[in-house]
Q: 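Following this message is one structure expressed as structure tokens.
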Number of protein chains: 2
Amino acid sequence: MANKPCSMTIGALAKAANIGVETIRYYQRRGLVAEPEKPYGSIRRYDEHALARLQFIRTAQWLGFSLDEIGGLLKLQDGTHCDEARALGEQKLTNVRQKITSLRRIELALDGLVKECSAQKDDVKCPLITSIYDGLEKGTSGRK
Amino acid sequence: MANKPCSMTIGALAKAANIGVETIRYYQRRGLVAEPEKPYGSIRRYDEHALARLQFIRTAQWLGFSLDEIGGLLKLQDGTHCDEARALGEQKLTNVRQKITSLRRIELALDGLVKECSAQKDDVKCPLITSIYDGLEKGTSGRK
DNA sequence: TTTGACTCCGTAGTTGACTACGGTAGTAAG
DNA sequence: CTTACTACCGTAGTCAACTACGGAGTCAAA
């Protein structure tokens with residue numbers, strides 16, 4: 001479990017995480033990733049923890065969490081407020097489950113649409129579009 | 001197959017579609033819905049076609065399409081571009097499935113975290129949070 | 001006919017998540 | 001030591017999708 005010191009500049013970190021430097025700085029301002037100490041008259045250095053955190057953020061983001069929510073998730077990390085952490089975790093879990101349910105409905109709907117689309121040959125109307133028009137019974141959602 | 005004229009003001013339309021008036025006007029500016037003729041010195045009236053289109057937009061939005069993409073879908077309406085529509089649908093479907101997969105991984109992780117957290121209440125550290133970092137192998141993530 | 005709600009329209013503000021700019025200061029290759 | 005990159009930092013701009021504002025016109029009930 002030993003690993004090299006692995007200290008990088010913000011540029012190298014950005015490259016490693018496939019994120020823009022400015023974006024990292026933006027996350028720092030938002031408090032999502034820490035700014036490491038800056039040695040007097042020198043430059044900040046980042047390690048693989050910073051990288052892991054950036055990757056976490058990207059993943060969570062892709063999953064549909066906002067940066068604010070991700071901030072909440074990340075607070076689970078310091079472990080100092082286990083109860084709070086658990087509450088947050090539970091909340092997120094509920095949230096995640098809702099998202100899964102919602103996405104599954106969407107999946108079903110899209111799958112049906114695409115299949116109908118492939119099935120129809122030289123019809124005048126595209127079933128995908130007509131179906132969207134006809135409403136396809138979505139969940140309890142308005143938008144987003 | 002006959003239906004009443006069903007002409008509404010923009011306010012009534014908004015209410016019927018459960019959308020703000022300003023949002024409708026915004027869609028008009030974006031070219032997603034048409035502005036009906038305005039009788040000299042009077043007010044525009046909207047029919048059930050306008051309503052259908054608004055619902056189409058909302059549904060498509062729920063399916064994960066952006067307004068630009070929706071504009072694209074609407075241009076395919078004549079039905080002669082079914083293949084294109086299907087391609088768009090398939091793309092979204094893939095996207096949705098990736099999200100579901102990832103969310104299920106996070107669901108597992110969160111579920112584990114919460115359970116462990118309840119199990120050992122007054123420990124100094126929640127030993128589990130780190131596993132969010134390790135546990136999320138995610139797919140090919142960039143973002144969004 | 002008055003009054004109050006609604007329409008019209010252009011423009012401007014908001015939110016979330018970046019992305020760019022510009023000046024100064026550190027760093028690394030030759 | 002010079003030169004060419006970065007890094008640092010604050011501030012400002014962008015993009016999508018709204019949302020609000022203000023003033024003038026229109027409609028409908030009392």
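Every chain is numbered from 1, with letters handed out A, B, ... down the list of sequences.
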Q: Just by modelled atom types, is the B:R97 backbone N or O under 3.5 Å from a matching donor or acceptor in the B:T101 side chain?
A: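 Yes: the side chain of B:T101 pairs with the backbone of B:R97.
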Q: Between A:R44 and D:dA7, does any side-chain N or O lie under 4.0 Å from OP1 or OP2?
A: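 For A:R44, the contact criterion (side-chain N or O under 4.0 Å from OP1 or OP2 of D:dA7) is not met.
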Q: Can you tell me how far P of C:dT7 sits from CE of B:M8, to the nearest Å?
A: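 After rounding, the gap between these two atoms is 12 Å.
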Q: What is the separation between atom CG on A:N18 and atom P on C:dC18, rounded to the nearest whole Å?
A: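 Roughly 13 Å, once rounded to whole Å.
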Q: Is it the case that the side chain of B:Q91 and the backbone of B:L88 share a donor-acceptor pair, with hydrogens and angles ignored and the cut-off at 3.5 Å?
A: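 Side chain of B:Q91 to backbone of B:L88, a donor-acceptor pair under 3.5 Å: no, none is there.
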Q: Starting at CD1 of B:I19 and ending at C1' of D:dA17, how long is that distance when rounded to a whole Å?
A: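 B:I19 atom CD1 is separated from D:dA17 atom C1' by 12 Å.
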Q: Kindly say if A:Y27 contacts the phosphate of C:dC18, meaning a side-chain N or O under 4.0 Å from OP1 or OP2.
A: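 True: A:Y27 side-chain N/O within range (under 4.0 Å) of C:dC18 OP1/OP2.
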Q: Have a look at B:E69 and say if it touches a base, only the backbone sugar-phosphate, or nothing, with a 4.0 Å heavy-atom cut-off.
A: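 Here B:E69 touches no strand at all.
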Q: At under 4.0 Å, does any side-chain N or O of B:Q61 touch on OP1 or OP2 of D:dC18?
A: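 Yes.
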Q: Whole angstrom is fine here: how far is it from CD1 in A:I57 over to P in C:dG16?
A: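 After rounding, the gap between these two atoms is 17 Å.
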Q: Would you mind reading off the distance between B:D68 atom CG and D:dA16 atom C1', rounded to a whole angstrom?
A: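 Nearest whole value for this atom pair: 9 Å.
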Q: Is there a side-chain polar atom (N or O) of A:R45 under 4.0 Å from OP1 or OP2 of C:dG26?
A: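 So the side-chain polar atoms of A:R45 never come under 4.0 Å of the phosphate oxygens OP1 or OP2 of C:dG26.
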Q: So, does B:R53 use its side chain to make a donor-acceptor pair with the main chain of B:L32 at under 3.5 Å?
A: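 Such a contact is found between B:R53 side chain and B:L32 backbone.
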Q: Looking at C:dG10, does its base get a donor-acceptor pair with the side chain of B:R29 below 3.5 Å?
A: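 No pair found.
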Q: With nearest nucleotides of DNA chain D determined for B:I43 and B:S66 from heavy-atom distances, which residue corresponds to the more 5′ nucleotide?
A: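 Taking each residue's closest nucleotide, the earlier one in sequence belongs to B:S66.
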Q: Quick one: does any side-chain atom of B:T23 pair with a main-chain N or O of B:I19 as donor and acceptor, under 3.5 Å?
A: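 Looks like no, no N/O pair under 3.5 Å.
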Q: For A:D47 and A:A50, indicate whether the former's side chain and the latter's backbone hold a donor-acceptor pair under 3.5 Å.
A: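 Side chain of A:D47 to backbone of A:A50, a donor-acceptor pair under 3.5 Å: yes, one is there.
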Q: Please state whether the base of C:dG10 and the side chain of B:R25 form at least one donor-acceptor pair under 3.5 Å?
A: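 Check passes, donor-acceptor contact within cut-off.
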Q: Does a side-chain N or O of A:T23 approach OP1 or OP2 of C:dA17 to a distance below 4.0 Å, or not?
A: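 No, A:T23 has no side-chain N/O under 4.0 Å of OP1/OP2 on C:dA17.
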Q: Counting only side-chain N and O atoms of A:T9, is one of them less than 4.0 Å from OP1 or OP2 of C:dT27?
A: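 Result: no.
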Q: Take atom CD of B:Q28 and atom C1' of C:dG10, then tell me their distance rounded to the nearest Å.
A: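 Rounded to the whole Å, the gap is 14 Å.
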Q: With a 4.0 Å limit, can you tell me whether B:K38 has a side-chain N or O closer than that to the phosphate oxygens OP1/OP2 of D:dT26?
A: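 For B:K38, the contact criterion (side-chain N or O under 4.0 Å from OP1 or OP2 of D:dT26) is not met.
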Q: Taking only side-chain nitrogens and oxygens of B:Y26, does any of them come within less than 4.0 Å of OP1 or OP2 of D:dA16?
A: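 Looking at the OP1 and OP2 atoms of D:dA16, neither is under 4.0 Å from any side-chain N or O of B:Y26.
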Q: Determine the contact category for A:G41: base if any of its heavy atoms lies under 4.0 Å from a base atom, sugar-phosphate if only primed atoms, P, OP1 or OP2 are that close, otherwise nothing.
A: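 Result for A:G41 = sugar-phosphate.
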Q: Return the nearest nucleotide to the side chain of A:E35; candidates are D:dA16, D:dA7, D:dC9.
A: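 Out of D:dA16, D:dA7, D:dC9, the nucleotide with an atom closest to A:E35's side chain is D:dC9.
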Q: Regarding A:G20, tell me which of base, sugar-phosphate or nothing describes its non-hydrogen contacts under 4.0 Å with the strands shown.
A: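 No contact at all - A:G20 keeps every heavy atom at 4.0 Å or more from the nucleic acid.
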Q: Does C:dT27 have OP1 or OP2 sitting under 4.0 Å from an N or O in the side chain of A:S42?
A: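 Yes.
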Q: Measure CG/B:L13 against P/C:dC8 and give the value in whole Å, please.
A: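 Atom-to-atom, B:L13 to C:dC8, this comes out as 11 Å.
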Q: Between A:R45 and A:E37, does at least one N-O distance fall below 4.0 Å, as a salt bridge requires?
A: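 Salt bridge: no.
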Q: Just how far, in rounded Å, is P of D:dC18 from CD1 of B:I24?
A: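 So the two atoms are 12 Å apart, to the nearest Å.
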